[in-house]
Amino acid sequence: MGLDSKGEQRIGLLNGFAAYGMWGLVPLFWPLLEPAGAAEILAHRMVWSLGVVLIALVVMRRWAWAGPLLREPRRMGLITIAAATITVNWGVYIWAVNAGHVVEASLGYFINPLVTIAMGVLLLKERLRPAQWAAVGIGFAAVLVLTVGYGQPPWISLCLAFSFATYGLVKKKVNLGGLESLAAETAIQFLPALGYLLWLSSRGDATFGGEGTGHAALLAATGVVTALPLVCFGAAAIRVPLSTLGLLQYLAPALQFLLGILYFHEAMPAERWAGFALVWAALSLLTWDALRTARRSRMVLREAATAATAATAAAANAATEAAREAAGASPATGTSTSTSTNK
(Lines give C-alpha, C1' and ligand atoms only; values in the text may rest on other atoms or scores of the structure.)
Protein backbone atom coordinates (compact mmCIF):
# COMPACT_ATOMS: atom_id res chain seq x y z
CA MET A 1 0.00 0.00 0.00
CA GLY A 2 2.79 2.42 0.96
CA LEU A 3 4.79 1.53 -2.14
CA ASP A 4 1.78 2.14 -4.36
CA SER A 5 1.20 5.50 -2.69
CA LYS A 6 4.83 6.53 -3.18
CA GLY A 7 4.70 5.41 -6.79
CA GLU A 8 1.55 7.45 -7.41
CA GLN A 9 3.15 10.52 -5.80
CA ARG A 10 6.25 10.08 -7.93
CA ILE A 11 4.10 9.91 -11.09
CA GLY A 12 2.21 12.99 -9.89
CA LEU A 13 5.42 14.94 -9.31
CA LEU A 14 6.79 14.00 -12.73
CA ASN A 15 3.55 15.13 -14.36
CA GLY A 16 3.61 18.34 -12.33
CA PHE A 17 7.17 19.12 -13.41
CA ALA A 18 6.23 18.28 -17.01
CA ALA A 19 3.16 20.56 -16.97
CA TYR A 20 4.83 23.58 -15.43
CA GLY A 21 8.04 22.92 -17.37
CA MET A 22 6.15 23.02 -20.67
CA TRP A 23 4.32 26.18 -19.61
CA GLY A 24 7.68 27.68 -18.64
CA LEU A 25 9.36 26.86 -21.96
CA VAL A 26 6.44 27.87 -24.20
CA PRO A 27 8.03 31.29 -24.98
CA LEU A 28 10.43 29.35 -27.20
CA PHE A 29 7.51 28.13 -29.31
CA TRP A 30 5.53 31.26 -30.21
CA PRO A 31 8.36 33.00 -32.18
CA LEU A 32 8.59 29.89 -34.40
CA LEU A 33 5.12 30.75 -35.73
CA GLU A 34 6.16 34.07 -37.26
CA PRO A 35 5.40 35.67 -39.70
CA ALA A 36 1.90 34.88 -38.37
CA GLY A 37 0.66 37.68 -36.11
CA ALA A 38 -0.54 37.22 -32.55
CA ALA A 39 -4.23 37.29 -33.56
CA GLU A 40 -3.75 34.58 -36.22
CA ILE A 41 -1.73 32.41 -33.82
CA LEU A 42 -4.42 32.85 -31.17
CA ALA A 43 -7.18 31.84 -33.60
CA HIS A 44 -5.26 28.73 -34.65
CA ARG A 45 -4.68 27.87 -31.00
CA MET A 46 -8.43 27.95 -30.37
CA VAL A 47 -9.34 25.91 -33.44
CA TRP A 48 -6.70 23.21 -33.09
CA SER A 49 -7.06 22.94 -29.30
CA LEU A 50 -10.69 21.92 -29.73
CA GLY A 51 -9.66 19.18 -32.16
CA VAL A 52 -6.97 17.79 -29.85
CA VAL A 53 -9.23 17.89 -26.78
CA LEU A 54 -12.11 16.17 -28.60
CA ILE A 55 -9.77 13.35 -29.66
CA ALA A 56 -8.59 12.98 -26.05
CA LEU A 57 -12.17 12.86 -24.77
CA VAL A 58 -13.14 10.24 -27.37
CA VAL A 59 -10.17 8.06 -26.43
CA MET A 60 -10.95 8.36 -22.70
CA ARG A 61 -14.73 8.14 -23.22
CA ARG A 62 -15.44 11.14 -21.02
CA TRP A 63 -18.69 12.56 -22.37
CA ALA A 64 -21.06 12.24 -19.41
CA TRP A 65 -20.49 15.86 -18.35
CA ALA A 66 -21.64 17.44 -21.65
CA GLY A 67 -25.40 16.78 -21.38
CA PRO A 68 -25.89 18.15 -17.85
CA LEU A 69 -23.74 21.19 -18.69
CA LEU A 70 -25.87 22.09 -21.74
CA ARG A 71 -29.00 21.94 -19.56
CA GLU A 72 -27.60 24.48 -17.08
CA PRO A 73 -27.68 28.02 -18.54
CA ARG A 74 -25.87 29.51 -15.53
CA ARG A 75 -22.88 27.20 -15.89
CA MET A 76 -22.85 27.77 -19.65
CA GLY A 77 -22.74 31.50 -18.96
CA LEU A 78 -19.78 31.00 -16.63
CA ILE A 79 -18.04 28.87 -19.26
CA THR A 80 -18.53 31.73 -21.76
CA ILE A 81 -16.94 34.17 -19.31
CA ALA A 82 -14.06 31.73 -18.77
CA ALA A 83 -13.60 31.43 -22.54
CA ALA A 84 -13.51 35.23 -22.88
CA THR A 85 -10.97 35.73 -20.08
CA ILE A 86 -8.64 32.98 -21.28
CA THR A 87 -8.86 34.42 -24.81
CA VAL A 88 -7.57 37.73 -23.44
CA ASN A 89 -4.87 35.91 -21.46
CA TRP A 90 -3.67 33.82 -24.41
CA GLY A 91 -3.74 36.74 -26.83
CA VAL A 92 -1.81 39.12 -24.58
CA TYR A 93 0.75 36.44 -23.73
CA ILE A 94 1.43 35.48 -27.36
CA TRP A 95 1.74 39.13 -28.35
CA ALA A 96 4.02 39.90 -25.37
CA VAL A 97 6.42 37.05 -26.14
CA ASN A 98 6.68 37.84 -29.85
CA ALA A 99 7.03 41.57 -29.10
CA GLY A 100 10.01 41.00 -26.79
CA HIS A 101 8.32 41.28 -23.37
CA VAL A 102 8.99 37.80 -21.98
CA VAL A 103 10.25 39.08 -18.61
CA GLU A 104 7.21 41.30 -18.11
CA ALA A 105 4.96 38.37 -19.10
CA SER A 106 6.66 36.16 -16.51
CA LEU A 107 5.97 38.82 -13.89
CA GLY A 108 2.25 38.42 -14.59
CA TYR A 109 2.34 34.81 -13.46
CA PHE A 110 4.55 35.62 -10.47
CA ILE A 111 2.01 38.14 -9.14
CA ASN A 112 -1.01 36.01 -10.08
CA PRO A 113 -1.26 34.37 -6.60
CA LEU A 114 -1.24 37.83 -4.99
CA VAL A 115 -3.95 39.06 -7.37
CA THR A 116 -6.01 35.94 -6.66
CA ILE A 117 -5.83 36.65 -2.92
CA ALA A 118 -6.77 40.30 -3.44
CA MET A 119 -9.76 39.27 -5.57
CA GLY A 120 -10.83 36.82 -2.87
CA VAL A 121 -10.96 39.69 -0.38
CA LEU A 122 -12.74 42.14 -2.70
CA LEU A 123 -15.19 39.77 -4.39
CA LEU A 124 -15.67 36.86 -2.00
CA LYS A 125 -15.18 38.79 1.26
CA GLU A 126 -12.52 36.33 2.38
CA ARG A 127 -10.56 37.08 5.56
CA LEU A 128 -6.80 37.15 5.27
CA ARG A 129 -4.20 36.13 7.80
CA PRO A 130 -1.62 38.78 8.78
CA ALA A 131 1.09 37.17 6.61
CA GLN A 132 -1.22 37.26 3.59
CA TRP A 133 -1.97 40.95 4.16
CA ALA A 134 1.77 41.59 4.36
CA ALA A 135 2.39 39.67 1.12
CA VAL A 136 -0.30 41.63 -0.73
CA GLY A 137 1.15 44.90 0.60
CA ILE A 138 4.66 43.96 -0.54
CA GLY A 139 3.23 42.96 -3.94
CA PHE A 140 1.56 46.37 -4.27
CA ALA A 141 4.87 48.06 -3.41
CA ALA A 142 6.56 45.92 -6.09
CA VAL A 143 4.10 47.14 -8.72
CA LEU A 144 4.86 50.74 -7.74
CA VAL A 145 8.61 50.13 -8.03
CA LEU A 146 8.16 48.42 -11.41
CA THR A 147 5.97 51.30 -12.58
CA VAL A 148 8.94 53.60 -11.96
CA GLY A 149 11.26 51.09 -13.65
CA TYR A 150 9.16 50.74 -16.80
CA GLY A 151 8.09 54.38 -16.87
CA GLN A 152 4.48 53.22 -16.77
CA PRO A 153 2.46 50.53 -14.95
CA PRO A 154 3.44 46.99 -16.04
CA TRP A 155 0.23 46.62 -18.06
CA ILE A 156 1.19 43.33 -19.66
CA SER A 157 1.87 41.74 -16.26
CA LEU A 158 -1.28 43.16 -14.69
CA CYS A 159 -3.45 42.11 -17.64
CA LEU A 160 -2.08 38.56 -17.55
CA ALA A 161 -2.42 38.31 -13.77
CA PHE A 162 -5.96 39.68 -13.56
CA SER A 163 -7.25 37.75 -16.57
CA PHE A 164 -5.83 34.46 -15.27
CA ALA A 165 -7.06 35.12 -11.72
CA THR A 166 -10.54 35.84 -13.08
CA TYR A 167 -10.34 32.69 -15.18
CA GLY A 168 -9.42 30.63 -12.13
CA LEU A 169 -12.24 32.16 -10.08
CA VAL A 170 -14.83 31.37 -12.77
CA LYS A 171 -13.52 27.83 -13.29
CA LYS A 172 -13.81 27.21 -9.56
CA LYS A 173 -17.51 28.08 -9.74
CA VAL A 174 -18.07 25.95 -12.88
CA ASN A 175 -16.40 22.93 -11.23
CA LEU A 176 -15.38 21.00 -14.36
CA GLY A 177 -12.27 18.91 -14.96
CA GLY A 178 -9.37 20.42 -16.90
CA LEU A 179 -9.96 18.65 -20.21
CA GLU A 180 -13.73 18.99 -20.00
CA SER A 181 -13.48 22.68 -19.21
CA LEU A 182 -11.03 23.29 -22.07
CA ALA A 183 -13.34 21.42 -24.44
CA ALA A 184 -16.31 23.59 -23.45
CA GLU A 185 -14.29 26.81 -23.65
CA THR A 186 -12.72 26.06 -27.03
CA ALA A 187 -16.12 24.98 -28.36
CA ILE A 188 -17.31 28.52 -27.61
CA GLN A 189 -14.14 30.02 -29.11
CA PHE A 190 -14.20 27.79 -32.21
CA LEU A 191 -16.66 29.56 -34.52
CA PRO A 192 -15.34 33.12 -33.96
CA ALA A 193 -11.76 31.85 -34.38
CA LEU A 194 -12.58 29.88 -37.52
CA GLY A 195 -14.50 32.85 -38.93
CA TYR A 196 -11.48 35.10 -38.34
CA LEU A 197 -9.13 32.64 -40.08
CA LEU A 198 -11.48 32.35 -43.07
CA TRP A 199 -11.67 36.15 -43.24
CA LEU A 200 -7.86 36.40 -43.15
CA SER A 201 -7.65 33.82 -45.93
CA SER A 202 -10.17 35.69 -48.08
CA ARG A 203 -8.02 38.82 -47.80
CA GLY A 204 -4.89 36.90 -48.67
CA ASP A 205 -3.32 37.73 -45.28
CA ALA A 206 -3.34 34.20 -43.79
CA THR A 207 0.05 32.53 -43.40
CA PHE A 208 -1.43 29.02 -43.04
CA GLY A 209 -0.72 27.26 -46.33
CA GLY A 210 1.23 30.21 -47.68
CA GLU A 211 4.47 29.72 -45.73
CA GLY A 212 5.08 26.05 -46.40
CA THR A 213 4.11 22.74 -44.84
CA GLY A 214 6.37 23.20 -41.83
CA HIS A 215 4.73 26.49 -40.86
CA ALA A 216 1.25 24.97 -41.26
CA ALA A 217 2.27 22.02 -39.07
CA LEU A 218 3.57 24.37 -36.37
CA LEU A 219 0.29 26.31 -36.38
CA ALA A 220 -1.62 23.04 -36.07
CA ALA A 221 0.69 22.03 -33.19
CA THR A 222 -0.70 24.89 -31.09
CA GLY A 223 -3.48 22.48 -30.12
CA VAL A 224 -1.01 19.98 -28.69
CA VAL A 225 0.99 22.76 -26.99
CA THR A 226 -2.22 23.89 -25.28
CA ALA A 227 -3.70 20.51 -24.33
CA LEU A 228 -0.65 18.42 -23.36
CA PRO A 229 0.44 20.47 -20.30
CA LEU A 230 -3.16 20.49 -19.14
CA VAL A 231 -3.32 16.68 -19.32
CA CYS A 232 -0.11 16.46 -17.28
CA PHE A 233 -1.45 18.97 -14.77
CA GLY A 234 -4.63 16.95 -14.38
CA ALA A 235 -2.58 13.81 -13.71
CA ALA A 236 -0.54 15.70 -11.08
CA ALA A 237 -3.51 17.33 -9.36
CA ILE A 238 -5.05 14.00 -8.35
CA ARG A 239 -1.80 12.53 -7.05
CA VAL A 240 0.07 15.22 -5.12
CA PRO A 241 -1.01 17.56 -2.31
CA LEU A 242 -2.20 21.07 -3.17
CA SER A 243 0.71 22.51 -1.19
CA THR A 244 3.12 20.76 -3.55
CA LEU A 245 1.27 22.06 -6.60
CA GLY A 246 1.38 25.51 -5.05
CA LEU A 247 5.17 25.33 -4.97
CA LEU A 248 5.45 23.87 -8.46
CA GLN A 249 3.42 26.72 -9.94
CA TYR A 250 6.41 29.06 -9.57
CA LEU A 251 8.46 26.86 -11.90
CA ALA A 252 6.73 28.21 -15.04
CA PRO A 253 7.31 31.96 -14.47
CA ALA A 254 10.82 31.24 -13.16
CA LEU A 255 11.72 29.48 -16.43
CA GLN A 256 10.07 32.27 -18.44
CA PHE A 257 12.04 34.87 -16.49
CA LEU A 258 15.33 33.07 -17.12
CA LEU A 259 14.52 32.70 -20.82
CA GLY A 260 13.76 36.40 -21.05
CA ILE A 261 17.14 37.34 -19.58
CA LEU A 262 19.46 34.59 -20.82
CA TYR A 263 17.93 33.63 -24.18
CA PHE A 264 16.04 36.70 -25.38
CA HIS A 265 18.53 39.09 -23.71
CA GLU A 266 15.90 41.50 -22.38
CA ALA A 267 17.08 44.47 -20.33
CA MET A 268 16.91 44.28 -16.52
CA PRO A 269 17.91 47.63 -14.99
CA ALA A 270 18.33 47.94 -11.22
CA GLU A 271 14.80 49.20 -10.54
CA ARG A 272 13.30 46.15 -12.27
CA TRP A 273 15.50 43.84 -10.21
CA ALA A 274 14.24 45.67 -7.12
CA GLY A 275 10.63 45.21 -8.20
CA PHE A 276 11.11 41.51 -8.91
CA ALA A 277 12.93 41.08 -5.59
CA LEU A 278 9.89 42.52 -3.78
CA VAL A 279 7.58 40.18 -5.69
CA TRP A 280 9.73 37.18 -4.77
CA ALA A 281 9.78 38.31 -1.13
CA ALA A 282 5.98 38.51 -1.14
CA LEU A 283 5.71 35.05 -2.70
CA SER A 284 8.18 33.61 -0.18
CA LEU A 285 6.08 35.01 2.67
CA LEU A 286 2.91 33.68 1.08
CA THR A 287 4.42 30.22 0.58
CA TRP A 288 5.76 30.10 4.15
CA ASP A 289 2.35 31.05 5.51
CA ALA A 290 0.58 28.47 3.35
CA LEU A 291 2.95 25.68 4.41
CA ARG A 292 2.68 26.67 8.09
CA THR A 293 -1.12 26.71 7.88
CA ALA A 294 -1.19 23.34 6.11
CA ARG A 295 1.12 21.86 8.77
CA ARG A 296 -1.11 23.17 11.56
CA SER A 297 -4.20 21.78 9.84
CA ARG A 298 -2.55 18.37 9.54
CA MET A 299 -1.60 18.46 13.23
CA VAL A 300 -5.16 19.37 14.24
CA LEU A 301 -6.56 16.57 12.09
CA ARG A 302 -4.03 14.11 13.50
CA GLU A 303 -4.87 15.10 17.08
CA ALA A 304 -8.59 14.85 16.32
CA ALA A 305 -8.08 11.40 14.80
CA THR A 306 -6.03 10.30 17.82
CA ALA A 307 -8.69 11.62 20.20
CA ALA A 308 -11.43 9.87 18.22
CA THR A 309 -9.47 6.61 18.27
CA ALA A 310 -8.91 6.90 22.02
CA ALA A 311 -12.60 7.68 22.62
CA THR A 312 -13.61 4.70 20.49
CA ALA A 313 -11.21 2.43 22.38
CA ALA A 314 -12.48 3.73 25.73
CA ALA A 315 -16.08 3.18 24.70
CA ALA A 316 -15.23 -0.34 23.52
CA ASN A 317 -13.46 -1.08 26.82
CA ALA A 318 -16.40 0.31 28.80
CA ALA A 319 -18.82 -1.84 26.79
CA THR A 320 -16.63 -4.91 27.38
CA GLU A 321 -16.46 -4.25 31.12
CA ALA A 322 -20.23 -3.73 31.26
CA ALA A 323 -20.77 -6.99 29.43
CA ARG A 324 -18.45 -8.81 31.83
CA GLU A 325 -20.25 -7.38 34.86
CA ALA A 326 -23.62 -8.33 33.41
CA ALA A 327 -22.35 -11.82 32.68
CA GLY A 328 -21.01 -12.13 36.25
CA ALA A 329 -24.25 -10.83 37.83
CA SER A 330 -26.58 -13.22 35.99
CA PRO A 331 -25.47 -16.48 37.74
CA ALA A 332 -25.60 -14.77 41.14
CA THR A 333 -29.12 -13.63 40.50
CA GLY A 334 -30.06 -17.08 39.31
CA THR A 335 -28.62 -18.70 42.44
CA SER A 336 -30.40 -16.29 44.69
CA THR A 337 -33.72 -17.00 42.98
CA SER A 338 -33.17 -20.73 43.22
CA THR A 339 -32.37 -20.53 46.95
CA SER A 340 -35.44 -18.43 47.60
CA THR A 341 -37.59 -20.93 45.76
CA ASN A 342 -36.17 -23.82 47.79
CA LYS A 343 -36.98 -21.96 50.95
Side-chain angles (χ1 to χ4, degrees), residues 15 17-59 83 86-106 108-109 156 160 163-164 178-179 182-183 185-234 251-253 255-260 262-266:
N15 276 283
F17 277 112
Y20 286 109
M22 284 185 277
W23 280 325
L25 296 175
V26 78
L28 297 173
F29 179 71
W30 303 124
L32 300 177
L33 304 181
E34 295 177 335
E40 183 180 1
I41 295 171
L42 174 63
H44 275 286
R45 185 178 191 180
M46 294 172 178
V47 169
W48 294 107
S49 292
L50 178 61
V52 171
V53 172
L54 288 178
I55 291 171
L57 290 174
V58 168
V59 170
I86 201 61
T87 295
V88 171
N89 185 271
W90 286 355
V92 171
Y93 186 78
I94 293 168
W95 174 84
V97 170
N98 285 0
H101 299 288
V102 176
V103 169
E104 192 175 348
S106 74
Y109 293 104
I156 294 171
L160 290 173
S163 61
F164 200 71
L179 268 181
L182 184 61
E185 292 154 20
T186 50
I188 291 170
Q189 296 169 332
F190 180 79
L191 287 179
L194 183 62
Y196 176 74
L197 291 176
L198 292 174
W199 177 75
L200 272 186
S201 183
S202 69
R203 287 167 49 92
D205 294 332
T207 62
F208 187 83
E211 296 290 331
T213 306
H215 179 72
L218 284 172
L219 285 172
T222 54
V224 178
V225 169
T226 300
L228 187 57
L230 192 63
V231 172
C232 292
F233 176 79
L251 175 62
L255 288 173
Q256 294 166 14
F257 177 78
L258 291 174
L259 284 175
L262 302 176
Y263 183 81
F264 294 103
H265 305 293
E266 294 184 17

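Residue Leu28 holds its CG atom at 5.0 Å from CG of Leu259, rounded to the nearest 0.5 Å. Interatomic distance, CG of Leu200 versus NE2 of His44, reported as 8.0 Å (0.5 Å rounding). Rounded to the nearest 0.5 angstrom, Asp205 CG and Leu197 CG are separated by 12.0 Å. Between the OH atom in Tyr93 and the CG atom in Asn98 there is a gap of 10.0 Å [rounded to 0.5 Å]. Between the CG atom of Leu230 and the CE atom of Met22 there is a distance of 10.0 Å, given to the nearest 0.5 Å. From Ser49, atom OG reaches atom CG of Leu54 across 10.5 Å, with rounding to the nearest 0.5 Å.
Of the possible polar contacts, one joining the Ser106 side chain to the Val103 backbone as a donor-acceptor pair under 3.5 Å is found. For Gln189 (side chain) and Met46 (main-chain N/O), no donor-acceptor pair under 3.5 Å exists by modelled atom type. A donor-acceptor pair under 3.5 Å links the side-chain atoms of Gln256 to the main chain of Trp23, judged by distance alone. With hydrogens and angles ignored, the 3.5 Å screen pairs a side-chain donor or acceptor of Glu40 with a backbone N or O of Thr207.
The heavy-atom pair separating Val47 from Ala193 by the smallest distance is CG2-CB, 3.8 Å. When all heavy atoms are compared, the tightest approach of Gly108 to Leu160 is CA-CB, 4.4 Å. Minimum interatomic distance between Leu182 and Thr186 (heavy atoms only, all atoms of both residues): O-OG1, 2.6 Å. Annotation for Leu33 and Leu219: closest pair CD2-N, 3.9 Å, computed over non-hydrogen atoms. The two residues Ala227 and Val52 have their closest heavy-atom pair at CB-CG1, 3.7 Å. Nearest heavy-atom pair across Val225 and Pro229 is O-CD, 3.1 Å.
The side-chain heavy atoms of Pro27 and Tyr263, taken from C-beta on, include no pair separated by under 4.5 Å.
More than 12 heavy atoms of other residues, nucleotides or ligands sit less than 6.0 Å from atom CZ of Phe208. The environment of OH in Tyr109 is crowded: more than 12 heavy-atom neighbours from other residues, nucleotides or ligands sit within 6.0 Å.
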Begin from the C-alpha positions of Ile41 and Trp90 and carry the test side chain to side chain contact (heavy atoms under 4.5 Å, CB included) through to its verdict. CA-CA 10 Å; Ile41 295 171; Trp90 286 355; over 6 Å; no
Could you go through the side chain to side chain contact (heavy atoms under 4.5 Å, CB included) check for Phe164 and Ile86 one step at a time? CA-CA 7 Å; Phe164 200 71; Ile86 201 61; 4.3 Å; yes
Before giving the answer on side chain to side chain contact (heavy atoms under 4.5 Å, CB included), spell out for Thr226 and Trp48 the whole-Å C-alpha distance, their side-chain angles and the decisive distance to 0.1 Å. CA-CA 9 Å; Thr226 300; Trp48 294 107; over 6 Å; no
